[in-house]
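In the text below, chain A, chain B and the rest are named by the order of the sequence lines, each starting its count at 1.
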2 protein chains.
Amino acid sequence: MRVVIPFAPHDPKTRLSEILTSDERYAFAKVMLEDVTIAVENAGLIPEILSTEIIESQWKIIVDDRPLSVAVNSVLENSKMPMAIVMSDLAIATAESIRKLIESEGEISIVPGNLGGTNAFVTHREDFRVDYHGASYLDHVKIAEDIGVNVTEVDSFRLATDIDVKEDLIEVLIHGNGKSRDWLIENGFHLEVHGKNRVGIHRREKR
Amino acid sequence: MRVVIPFAPHDPKTRLSEILTSDERYAFAKVMLEDVTIAVENAGLIPEILSTEIIESQWKIIVDDRPLSVAVNSVLENSKMPMAIVMSDLAIATAESIRKLIESEGEISIVPGNLGGTNAFVTHREDFRVDYHGASYLDHVKIAEDIGVNVTEVDSFRLATDIDVKEDLIEVLIHGNGKSRDWLIENGFHLEVHGKNRVGIHRREKR
């Protein structure tokens, strides 16, 4: 099964700007991508990266500078089925959680992400198309229904957790076991407990 | 297997105050509790509610007005193993996700919640104790290690999603299929897409 991971290296993860510089956001996006590729590889599959521009990588890079949905749909149109699309910011993905997706028996299996996103899916149907705009999970369920498929939901916290905002970094520090967690620690991030049971993330001042 | 659901009816879900009145927060906490009990029941088990005060319910109520960790530890001390503790605000829990927890083969199996919480666990060890203060997932992993047990992580988005803040209600509207979702809709809540791909939750003005 092909597993394609979309990646947009230009000015990534803008919602982390409050806590990371532009260069740091690029570096962190890149280590998250590496963690996802490693999880896919450890699940026994060969990751391919669908990037908006050329990047250095040991993996096959497909370059397509069009918007995410257009580029993914182009891959879907030109691929043998089944195939999987997995987002590049699933920093706590593990081989086991990727395997849960890959082994799902639905014609179209989707991992919902936090707040309505579509973090990964496998389709056996060559006529499924994506639209990542808005509450994409609901849209994808509807698009699948329109071609006569009931979506199979893949229930995974590790794959539901995409990293967009500062608070998401807490999940990486707690549950990560790869390069993303190491990167955060090397860059001074640590957990702090506030009050009774609220966990926060903080960064040590650089010297 | 006993399944105990802690519940604190006095002034619940204070972080939802910006969007719900005190009475509404109580009503919503109660329907979330009902959804959790129904999921447990549909998984083939009999829920018991560990409440800080007497409430009306069709289920067995154990009243203990002490703090959460103390009350749960008292249940653990006085119960046959294995037993499960499941939080009452897992509004998108399903029978299938509860079954995944119950059928986990670890000596101690934990469902991590968002931001370091411990949303549910099953213990076969009568000497496991809880401490819900702080990043309780990490604490519970450590407490288990101290009694010689490697925690088995149960990876579930549905059980990782506890409802604390306004944004969490988005998950209930998207993924809920029980009374909590119905309650939100009846009370005027609906999704709105902002900008490119951010989903928000809004409430219609009461007339």
Side-chain angles (χ1 to χ4, degrees), chain A residues 14-15 67-69 92-94 96-101 110-119 131-139 141 152-162 164-175 177 190-201, chain B residues 14-15 67-69 92-94 96-101 110-119 131-139 141 152-162 164-175 177 190-201:
Chain A
T14 50
R15 293 165 75 195
L68 177 63
S69 299
I92 62 170
T94 52
E96 197 181 349
S97 54
I98 294 287
R99 223 174 280 127
K100 190 153 68 170
L101 166 66
I110 302 185
V111 186
N114 289 322
L115 304 177
T118 302
N119 284 4
D131 176 1
Y132 284 104
H133 177 97
S136 69
Y137 180 71
L138 295 175
D139 293 336
V141 167
T152 299
E153 173 194 299
V154 178
D155 177 33
S156 168
F157 168 62
R158 287 193 169 272
L159 299 184
T161 304
D162 51 346
D164 288 319
V165 296
K166 182 181 167 186
E167 240 185 6
D168 297 330
L169 302 180
I170 293 171
E171 307 296 3
V172 183
L173 283 181
I174 293 180
H175 300 288
N177 45 25
H190 55 100
L191 299 173
E192 271 181 25
V193 176
H194 306 289
K196 212 175 60 153
N197 54 12
R198 304 267 282 281
V199 179
I201 188 153
Chain B
T14 49
R15 294 166 74 194
L68 176 62
S69 299
I92 63 170
T94 52
E96 198 181 349
S97 53
I98 294 287
R99 223 175 279 127
K100 190 153 67 168
L101 166 66
I110 302 184
V111 186
N114 289 322
L115 304 178
T118 302
N119 283 4
D131 177 0
Y132 285 103
H133 177 95
S136 68
Y137 180 71
L138 294 176
D139 292 338
V141 168
T152 299
E153 172 192 300
V154 179
D155 177 33
S156 168
F157 169 62
R158 288 192 170 274
L159 299 184
T161 304
D162 51 345
D164 287 318
V165 296
K166 182 180 166 187
E167 241 186 3
D168 297 331
L169 302 179
I170 294 170
E171 307 295 4
V172 182
L173 283 180
I174 292 179
H175 299 289
N177 45 25
H190 56 100
L191 299 174
E192 270 179 28
V193 175
H194 305 288
K196 210 174 61 153
N197 54 11
R198 304 265 284 278
V199 181
I201 187 152

- Message: So does B/Thr118 get a backbone contact from the side chain of B/Ser136, meaning a donor-acceptor N/O pair under 3.5 Å?
- Response: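 Checking the backbone N and O of B/Thr118 against the side chain of B/Ser136, a donor-acceptor pair under 3.5 Å is found.
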- Query: Is there a donor-acceptor pair under 3.5 Å between the side chain of B/Ser156 and the backbone N or O of A/Ser156?
  - Reply: no
Based on non-hydrogen pairs under 4.5 Å, which of B/Gly116, B/Pro112, B/Ala160 is most in contact with chain A?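 Max contact count across the listed options: B/Pro112.
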Do you know which of B/Asn114, B/Leu159, B/Val111 has the most heavy-atom pairs with chain A at a distance under 4.5 angstrom?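 Option with the greatest count: B/Asn114.
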### Query
When you look at B/Lys100 and A/Asp155, which way does the salt bridge (charged side-chain N to carboxylate O under 4.0 Å, His left out) test go after all the steps?
CA-CA 10 Å; B/Lys100 190 153 67 168; A/Asp155 177 33; 3.2 Å; yes
Set out, in order, the CA-CA distance, both residues' side-chain angles and the distance that settles salt bridge (charged side-chain N to carboxylate O under 4.0 Å, His left out) for B/Glu96 and B/Arg158, then state yes or no. CA-CA 10 Å; B/Glu96 198 181 349; B/Arg158 288 192 170 274; over 6 Å; no
Listed by number, the residues in residues 167-174 of chain B that come under 4.5 Å of chain A (heavy atom to heavy atom) are B/Glu167, B/Ile170, B/Glu171, B/Ile174
Under 4.5 Å to a heavy atom of chain A? For B/Ile201 that would be neither
Check the angle between the aromatic planes of B/His175 and B/Phe157 and answer parallel, tilted or perpendicular using the 30° and 60° thresholds.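 Judged by the thresholds at 30° and 60°, the geometry between B/His175 and B/Phe157 is perpendicular.
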| task | Could you pull out all residues at least two apart from A/Ser97 that satisfy side-chain hydrogen bond (donor to acceptor under 3.5 Å, both in side chains)? | result |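 Partners of A/Ser97 under the side-chain hydrogen bond (donor to acceptor under 3.5 Å, both in side chains) test: A/Thr94.
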### Message
Looking at every non-hydrogen atom in both residues, tell me the closest pair between B/His194 and B/Val199 and how far apart they are.
### Response
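For B/His194 versus B/Val199, the nearest heavy atoms are CD2-C, 4.3 Å.
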